[in-house]
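Written out below as structure tokens is the structure these notes cover.
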Amino acid sequence: MTNINLPNVLPIVPIRNRVLLPGLPIRLQIGRKDTVLLMQKIYKAADNKESKNLIGCVPVKPTTSKSNPDENIPSPDSLGSLESVSPKKAIEQTFDQSNRSSDLHNYGCAARIIRLERTVRGGFTAVVEGIARIRIDRYVFERPYLEAEITVFPEPAIPHDDQELQGLAVSLKATGRELLAMLQDLKLPTPVLTQLQKFIDGASAGALADLLIITVESSYEEKLKILDAHDLKTRITTSIDLLTRQIHILKISQKIHSNVEGKLNKKQREFYLKQQLNAIKEELGEQYDSPTDDDDVTDLTKRLQEAGLTPEADRAAQRELKRLKRMHPTQAEYQVVRTYLETLSEIPWSKSTTDILDIDKARHQLETDHYGLTTVKKRVLEYLAVLKLKDDMKGPILCLLGPPGVGKTSLGKSIANSLGRKFHRISLGGVRDEAEIRGHRRTYIGAMPGLISQGLRRVGVNNPVFLLDEIDKVGHLSNHGDPSAALLEVLDPEQNNTFNDHYINVPLDLSKVLFIATANQIDTIPPPLLDRMELITIPGYTFDEKIHIAQRHLLPKQIAAHGLSPNDLKISNHVLLKITTGYTREAGVRNFEREIASVCRAKAVEYADAKDKGRIHIYHSEVTADDVESILGVEKFDNEVAECASKPGVVTGLAWTASGSGDILFIEATQMPGKGILQLTGKLGNVIKESAQIALSWVRAHSFQLGITNSSTESTFFFQKDVHVHFPAGAVGKDGPSAGIALTTALVSLFTHKIVPPTTAMTGEMTLRGIVLPVGGIKEKVIAAHRARIRKVILPSRNRKDVEGDVPANVKEEIIFIYANNIYDVLQAAFEGEKIWVETPPIVEVESHL
């Protein structure tokens with residue numbers, strides 16, 4: 001122990017829950033205002049070499065029960081101390097600053113400050129080392145901090161002639177070695193035991209008594225008794241008594257442990273060991289509020305039993321459960337197996353919802369949610385009727401094909417509601433990895449089930465309605481596999497009852513799932529995948545249908561969304577028609593709803609302003625056509641047909657766009673002196689260029705019959721003129737064979753100087769013989785013509801069935817349909833019944849048999 005001359009007066013630092021003994025270090029948390037002032041003084045004098053940084057550490061009397069959170073709290077990790085006191089207990093037993101010197105013990109320990117650091121909250125952390133026992137004679141000052149006159153008791157040496165004290169010292173060392181042997185049986189760390197052995201062999205009797213007393217379990221009062229024992233004989237005797245008691249306790253504990261351990265069976269032994277493990281974790285601060293590992297396994301077992309697994313899934317679950325029980329929670333594989341078992345327990349193997357088999361109720365639900373869409377509603381009711389008659393019917397695979405904004409996704413939700421099933425949407429747009437459909441194999445880090453299995457896990461039943469959104473935009477073959485090929489098994493009713501997810505790795509029954517896919521076009525869907533789906537086309541809406549949809553759905557929705565009531569905003573059908581014709585050009589109603597929302601916002605501002613000014617009576621709830629122009633501005637779209645000037649060489653065609661909607665297509669042709677060159681512009685594809693070549697060839701072949709040339713043998717006319725055919729909107733790509741009759745009519749109109757009325761539109765493919773062939777997308781094209789206010793539409797005769805079966809009745813009433821078998825029928829209808837060609841006698845063909 002260091003010999004330091006101690007002054008007669010020392011500053012006093014009260015401590016609680018710990019007793020500082022000479023030769024031992026301890027860490028203090030300084031928080032009392034008066035003690036902080038003392039530490040600030042010492043901290044400032046730290047650079048002074050003459051400063052010895054000496055204080056007196058005096059424990060609080062054990063009878064004190066008041067507490068103050070700002071007291072100097074000894075740290076639980078005091079240097080050199082094996083005693084364990086929790087911070088919470090230390091805070092609860094802190095010294096009350098209102099009690100002064102009378103609350104302090106009469107004896108203490110002079111100490112030297114080894115390290116002093118400031119804390120974030122303005123206090124200090126001090127590491128002090130005990131020097132010598134002291135007795136408080138009287139307190140000199142209590143402000144600004146405690147100072148007291150002391151009597152120092154230096155560590156006495158053992159006289160050689162004192163046989164009794166010599167014997168007590170030998171007995172203390174022997175007792176210390178016995179305690180050391182007991183601690184070795186407890187498997188304490190080797191460095192700690194080695195250090196303790198050196199201390200027992202080399203330390204003086206007084207220092208050894210102080211050290212051993214903090215090694216064993218003793219009470220606060222017993223520690224104070226050791227502190228008070230400045231007499232060496234009394235201190236050694238007390239220490240031997242406490243050490244002997246601790247050794248007896250350890251021997252009894254080991255004996256009981258040995259007797260009980262021999263009687264434990266295997267399960268009891270496992271329970272005992274787990275309890276010990278939990279206790280050790282708790283002491284190390286690794287015990288959390290989550291259930292123990294045993295509870296996790298029990299909970300997983302219970303959940304797997306309640307999941308209703310298939311026999312094959314149950315075998316896989318039991319196999320993995322046995323592996324989990326043999327693993328330690330710290331193993332990396334433990335969490336992988338546990339996550340897999342949780343996934344198996346959460347998949348609805350046998351849980352399903354009860355279908356609503358009331359056809360009238362389902363019909364009413366569909367009619368309430370959507371206007372029109374007769375084909376889709378009919379198919380859903382058919383499925384429901386068959387399901388009512390046959391319980392084990394496999395779910396159909398429907399594909400709703402249509403342009404954006406026609407309600408494909410919302411229709412899927414409506415179908416789920418009408419059947420009383422849960423609904424889940426899977427967005428396939430941009431999915432380019434096969435593992436996203438089939439799942440990842442569990443050998444990979446971060447493996448997880450595929451989108452199908454995850455969907456079943458989320459809905460919790462095995463018969464939901466799955467909406468595979470944007471199936472036409474799913475990725476194709478790449479280095480990540482082919483997700484569209486993975487969908488072949490999902491969407492095949494004959495195979496999806498044993499769908500294999502790579503993560504789950506047991507067959508999964510998808511036959512009860514009602515799959516509904518949505519797509520904007522079928523060109524990007526692989527033929528094998530398209531073959532597995534029942535295609536239902538949802539074309540664009542007519543103006544009449546849009547107005548009905550707005551009055552039933554869009555307008556009430558936007559009125560409520562903007563904080564208005566139905567009486568606060570009224571829009572007539574005439575105004576809605578103006579909005580949809582002048583401000584939108586779409587097959588669906590998405591932009592139409594945005595424009596209605598703009599009107600609602602403007603009326604909400606007007607209503608709120610009138611209400612704030614107390615002039616609500618001047619507010620007009622009715623929206624007029626003039627209001628629409630002031631709110632939405634000038635009309636964005638004009639009547640293209642009305643703007644088109646009537647002149648030779650200009651014809652209106654009909655086209656089907658890539659988005660799944662129809663549109664009108666203007667074809668302009670002009671001629672000029674040249675060398676017979678045909679020039680085509682307007683970002684055209686190869687097919688439409690070939691159609692233009694066919695049209696020009698047919699016109700040249702029949703130029704005399706059409707009155708273009710004066711002689712059937714005149715061949716110089718077309719070689720002296722260049723023809724330029726242009727399709728406006730040159731930035732938009734165009735292709736397809738359906739412009740054949742329109743190109744031919746435009747060239748005939750150009751060369752004969754005949755005018756085709758701008759309210760007449762046509763579509764159809766033509767051959768070199770002049771035969772008109774059918775084309776697709778008739779309903780979309782006719783609806784686009786109606787939207788553009790076309791009054792006459794010329795179609796191939798073989799497309800009559802499409803008009804009669806698909807085109808709405810109100811459209812058929814407002815458009816005149818002409819069905820053509822050949823190009824002459826087209827020309828006669830285009831030129832208002834005028835027959836512009838000359839009949840030629842038929843050529844008699846003679847077959848030679850020579």
Side-chain angles (χ1 to χ4, degrees), residues 364-373 402-414 416-418 423 425 427 467 469 518 538 540-640 659 661 787-789 810:
H364 175 73
Q365 179 73 41
L366 292 172
E367 293 293 342
T368 302
D369 293 344
H370 289 82
Y371 178 82
L373 306 178
V406 296
K408 300 184 294 296
T409 302
S410 59
L411 184 60
K413 295 180 182 178
S414 180
N417 293 334
S418 64
F423 175 80
R425 186 181 75 89
S427 179
L467 183 76
D469 211 6
T518 67
I538 303 178
Y541 296 113
T542 63
F543 291 135
D544 184 61
E545 289 174 333
K546 287 185 178 182
I547 292 172
H548 278 86
I549 292 171
Q551 292 288 11
R552 289 176 53 178
H553 302 286
L554 305 183
L555 189 57
K557 174 184 174 182
Q558 292 300 326
I559 288 175
H562 290 85
L564 299 172
S565 65
N567 294 327
D568 296 333
L569 179 60
K570 297 178 182 178
I571 304 179
S572 62
N573 291 349
H574 173 70
V575 176
L576 290 173
L577 181 62
K578 180 179 178 64
I579 295 175
T580 188
T581 55
Y583 297 92
T584 64
R585 229 2 145 252
E586 59 176 345
V589 292
R590 195 165 287 159
N591 288 323
F592 187 26
E593 184 176 7
R594 293 191 184 104
E595 300 300 334
I596 291 176
S598 299
V599 174
C600 291
R601 287 194 297 270
K603 296 300 289 185
V605 172
E606 184 180 341
Y607 180 82
D609 188 50
K611 189 175 181 181
D612 291 342
K613 295 179 180 179
R615 304 172 62 186
I616 196 67
H617 60 279
I618 66 171
Y619 171 76
H620 299 286
S621 61
E622 186 73 26
V623 178
T624 63
D626 295 335
D627 295 335
V628 171
E629 290 190 2
S630 63
I631 296 171
L632 302 180
V634 181
E635 291 188 8
K636 301 175 184 178
F637 300 97
D638 298 325
N639 189 342
E640 295 175 340
S659 63
S661 60
R787 190 162 55 237
R789 301 179 184 179
N810 65 314

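All values below come from the heavy atoms of this structure, side chains included, with hydrogens, waters and symmetry mates left out.
- Interatomic distance, CD of Gln551 versus CG of Asn573, reported as 5.0 Å (0.5 Å rounding).
- For the salt bridge (Lys or Arg N to Asp or Glu O under 4.0 Å) test, no residue two or more places apart in sequence or in another chain qualifies with Asp369.
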Worked check of side chain to side chain contact (heavy atoms under 4.5 Å, CB included) between Ile631 and Val628: CA-CA 5 Å; Ile631 296 171; Val628 171; 6.0 Å; no
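- There is a side-chain donor-acceptor pair under 3.5 Å between Thr518 and Asp469.
- Separating the CD atom in Glu586 from the CG atom in Asn591 is a distance of 4.0 Å, to the nearest 0.5 Å.
- Taking both residues in full, the closest heavy atoms of Ala625 and Val575 are given as N-CG2, 3.9 Å, listed atom of the first, atom of the second, then distance.
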What verdict does the side chain to side chain contact (heavy atoms under 4.5 Å, CB included) test give for Leu569 and Tyr607, after you've listed the backbone C-alpha separation in whole Å, the side-chain angles of each residue and the deciding distance to 0.1 Å? CA-CA 9 Å; Leu569 179 60; Tyr607 180 82; over 6 Å; no
Please list, one pair per line, the donor and acceptor atoms closer than 3.5 Å that link side chains of residues 554-563 to other protein atoms, with sequence neighbours excluded.
residue	atom	partner	partner atom	Å
Lys557	NZ	Glu593	OE2	3.2
Gln558	NE2	Glu593	OE2	3.0
His562	ND1	Gln558	O	2.7

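- Applying the salt bridge (charged side-chain N to carboxylate O under 4.0 Å, His left out) test to residues at least two apart or on different chains, none of the pairs has a partner in residues 405-414.
- Shown here for Tyr541 and Gly405, the closest heavy-atom pair between the two residues is CE1-O, 4.4 Å.
- In this structure, Thr584 OG1 and Glu595 CD are separated by 7.5 Å, a value rounded to the nearest 0.5 Å.
- Checking side-chain atoms of Lys603 against main-chain N and O of His620 turns up a donor-acceptor pair under 3.5 Å.
- A donor atom on one side chain and an acceptor atom on the other are found under 3.5 Å apart for Thr624 and Asp627.
- Across all non-hydrogen atoms, the minimal contact from Lys546 to Gly588 is CE-O, 3.2 Å.
- The shortest heavy-atom contact between Asp568 and Tyr619 is O-OH, 2.5 Å.
- Between Glu606 and Lys611 no salt bridge is recorded (no basic side-chain N to carboxylate O distance below 4.0 Å).
- Formation of a donor-acceptor pair under 3.5 Å by the Tyr371 side chain with backbone atoms of His553 is not found in this model.
- For the atom pair Asp544 CG and Asn810 CG, the distance stands at 5.0 Å (nearest 0.5 Å).
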